[in-house]
Amino acid sequence: MRILERFGEQTIAFLEYLGGMMALIGESIRSLVHAQIRYAETFVQAYELGIGSLLIVLLTSLFTGMVISLESAQQAVQFGIGSLVGGAVTYTSVRELGPMLTAVVVAGRVGSAIAAEIGSMVVTEQIDALRSMGLSPVRFLVVPRLLALAIMLPLLTVFADIISILGGMWIAQAYAHINPASFISSARQAVGFEDVVKGLLKALIFACIIAFVGCYQGLSTRGGAAGVGRATTSAVVISIILIFGTNFVMSYLLFGGH
Amino acid sequence: MEPTIYASLDDVTLSFGEHVILKNCNLKIVRGAITCIVGLSGAGKSTILRLLDGLIEPSSGHVYVDGHDLCHTPERDLVELRQKTSLAFQFAALLDSLTIGENVGLPLREHTALPDEKIQHIVDDALESVGLRHVYDSLPNELSGGMLKRAGFARAIVTRPELVLYDEPTTGLDPIVTNLITDTILRLREKLGGTAVVISHDLHSIFRMADYVAMLFEGAIIAYGPREEIRTSTNPFVQQFLTGSEVGPIPV
Ligand SMILES: Nc1ncnc2c1ncn2[C@@H]1O[C@H](COP(=O)(O)OP(=O)(O)O)[C@@H](O)[C@H]1O
Ligand SMILES: [Mg+2]
């Protein structure tokens, strides 16, 4: 009985979460459709999150490209297929690791900051003050952050892809003496322009996940400073899980055919 | 002449989970008057202001403001109704990313098409009327508690609302600032000619500004009347609250 009861409670909590999230997404879309956008705020958010995340995104993808190259180059040279290393590095970077690692890094840095900022606004009644003045917190806070992420995350992903490929190229040459020309020609054969577009489409979806989860956790903050801490942590945990799950589904849908 | 009612709570019950805050609560707010609400901490006074501003809905009963029923009104229509009402929050609740001037001008910038110079002028005027000068470009965290509260009042009155709700405007402030704020509320009422509801624990300022006093206890208004009637009331709850005695029907 007890177990059933708890199961029921958790189901209700989950449905409430889902309903709340849908309402948030719906209102954001309505704001966007009516072009109720605060451009200046969007620009500030985009600038800050882009500049703030660039270095850590570049570093994580550089090392990732290097390590893929290291692992595959050693194997490939043994089997005499060193010319495939460029393809392996580029393929994994553009289709999987570039979008995903960038999203995970940005979820940790930006998603958490969004939840903390909005959460502390809830706790200090600033959100109520907005509503009291007849201003929609969604239009005022959520939409600019959503747009900023939707613009910057794909852009950061492009940088991540490039630096990861360059890192891989360097290691391939340094450790396996695969020259850059053969690395690049192998990369070109393995990856087409549509793969890049599909990777960026992933980044766009991940941006929406980070923005909506961060804002939702922030807006549903309860219980003072401790509540803000909980909102921040859960924003990161939930968006990272959703990013991994969505990544699998999208890879299946986008790339599953071949 | 019979006073006209601007806003009212009609048999309002409100609970958060198991916790019942208001129970069949009735309250009338007279048009053009200052009504003070008194009661113990946690009695639900702020909750009443949030109901009157349409920020929360009662579990049952109705909330009327200027003839409109706020309950079951879609958020979109509430936006219009809320512009007739302003809530001055206990801790001001200014947006801390904006300067004081931007905060006070925010409702005008968002809801009117007034040019920037005109807004700046109105904001200066509003800040002046709460006795604040040279704070236009300050950030909220650079101001003291009393100044913040007054900046909050300036934001609340800048749109010339018909009803202003003040949540503990004098709590935690020194006697001089308390007097200043009491004067400010009285002056603003004269200037706007509107209705005000003030939550306060400060008996001195209550009896200076209130036209009506309502006492909230255990989820309901247990005493209500013109200021003098409450001051001389023989109701043991009111007596105990006014004298601050530990002995009486209110458990300590
Ligand atoms: N959003 C909320 N969720 C749960 N409980 C709340 C909420 N808001 C207020 N309460 C509770 O309602 C009671 C009354 O709160 P409030 O109206 O702020 O009291 P007052 O202003 O008279 O001190 C308190 O016990 C408070 O804990
Ligand atoms: Mg209160």
Side-chain angles (χ1 to χ4, degrees), chain A residues 9 12-13 16 20 23-24 26-28 30-31 33-34 36-45 47-49 113-114 116-145 148 218-225 227-228, chain B residues 16-17 46-47 49-57 70 74-98 102-112 140-141 148-149 151-159 161 163-168:
Chain A
E9 273 169 24
I12 289 170
E16 270 175 10
L24 179 67
E27 205 186 330
S28 304
R30 212 171 312 129
S31 266
V33 169
H34 294 164
Q36 295 171 328
I37 295 163
R38 297 172 71 230
Y39 293 102
E41 167 85 355
T42 305
F43 181 79
V44 170
Q45 291 289 333
Y47 180 80
E48 281 181 3
L49 86 85
I114 290 175
E117 185 187 8
I118 296 183
S120 73
M121 290 180 77
V122 168
V123 172
T124 55
E125 297 188 309
Q126 291 177 54
I127 300 293
D128 285 333
L130 281 175
R131 292 179 59 219
S132 170
M133 286 185 276
L135 302 176
S136 148
V138 171
R139 184 179 76 82
F140 212 81
L141 299 166
V142 178
V143 170
R145 283 159 181 74
L219 286 171
S220 43
T221 300
R222 295 288 172 271
V228 177
Chain B
F16 291 117
S46 301
T47 303
L49 296 194
R50 299 162 71 81
L51 283 164
L52 288 170
D53 201 21
L55 291 174
I56 50 175
E57 284 204 343
L70 297 191
E75 183 85 14
R76 215 169 311 164
D77 301 336
L78 279 180
V79 166
E80 237 163 81
L81 290 175
R82 284 203 192 107
Q83 299 193 29
K84 295 186 181 181
T85 309
S86 277
L87 175 53
F89 287 84
Q90 182 171 359
F91 301 103
L94 299 174
L95 304 185
D96 42 32
S97 54
L98 303 182
E102 289 169 340
N103 261 296
V104 175
L106 187 61
L108 294 174
R109 262 200 313 282
E110 296 289 329
H111 291 306
T112 69
N141 60 19
L148 271 183
K149 280 198 170 178
F153 299 172
R155 181 178 70 182
I157 56 148
V158 78
T159 52
L163 172 64
V164 187
L165 310 164
Y166 297 93
D167 197 348
E168 307 208 12

Asks: Restricting to side-chain contact (heavy atoms from CB on, under 4.5 Å), what partner residues turn up for A/Ala148, sequence neighbours left out?
Replies: A/Gln45, A/Ala46, A/Leu49

Asks: Quick check for you: among B/Gln90, B/Glu80, B/Arg155, which has the greatest number of heavy-atom pairs under 4.5 Å with chain A?
Replies: B/Arg155

Asks: Take A/Arg222 and A/Val122 through the side chain to side chain contact (heavy atoms under 4.5 Å, CB included) test and state the conclusion after the steps.
Replies: CA-CA 8 Å; A/Arg222 295 288 172 271; A/Val122 168; 4.1 Å; yes

Asks: With a 4.5 angstrom heavy-atom cut-off, could you sort out which part of A/Met133 is near chain B: side chain, backbone, both or neither?
Replies: both

Asks: Measure distances from A/Leu130 to the heavy atoms of chain B and classify the residue's part below 4.5 Å as side chain, backbone, both or neither.
Replies: side chain

Asks: Measuring from A/Gln126:CD to A/Arg131:CZ, what's the distance to the nearest 0.5 Å?
Replies: 14.5 Å

Asks: Which bit of B/Leu94 is near chain A, if near means a heavy-atom gap under 4.5 Å: side chain, backbone, both or neither?
Replies: backbone

Asks: Between B/Phe89 and A/Ser132, is any pair of side-chain heavy atoms under 4.5 Å apart?
Replies: yes

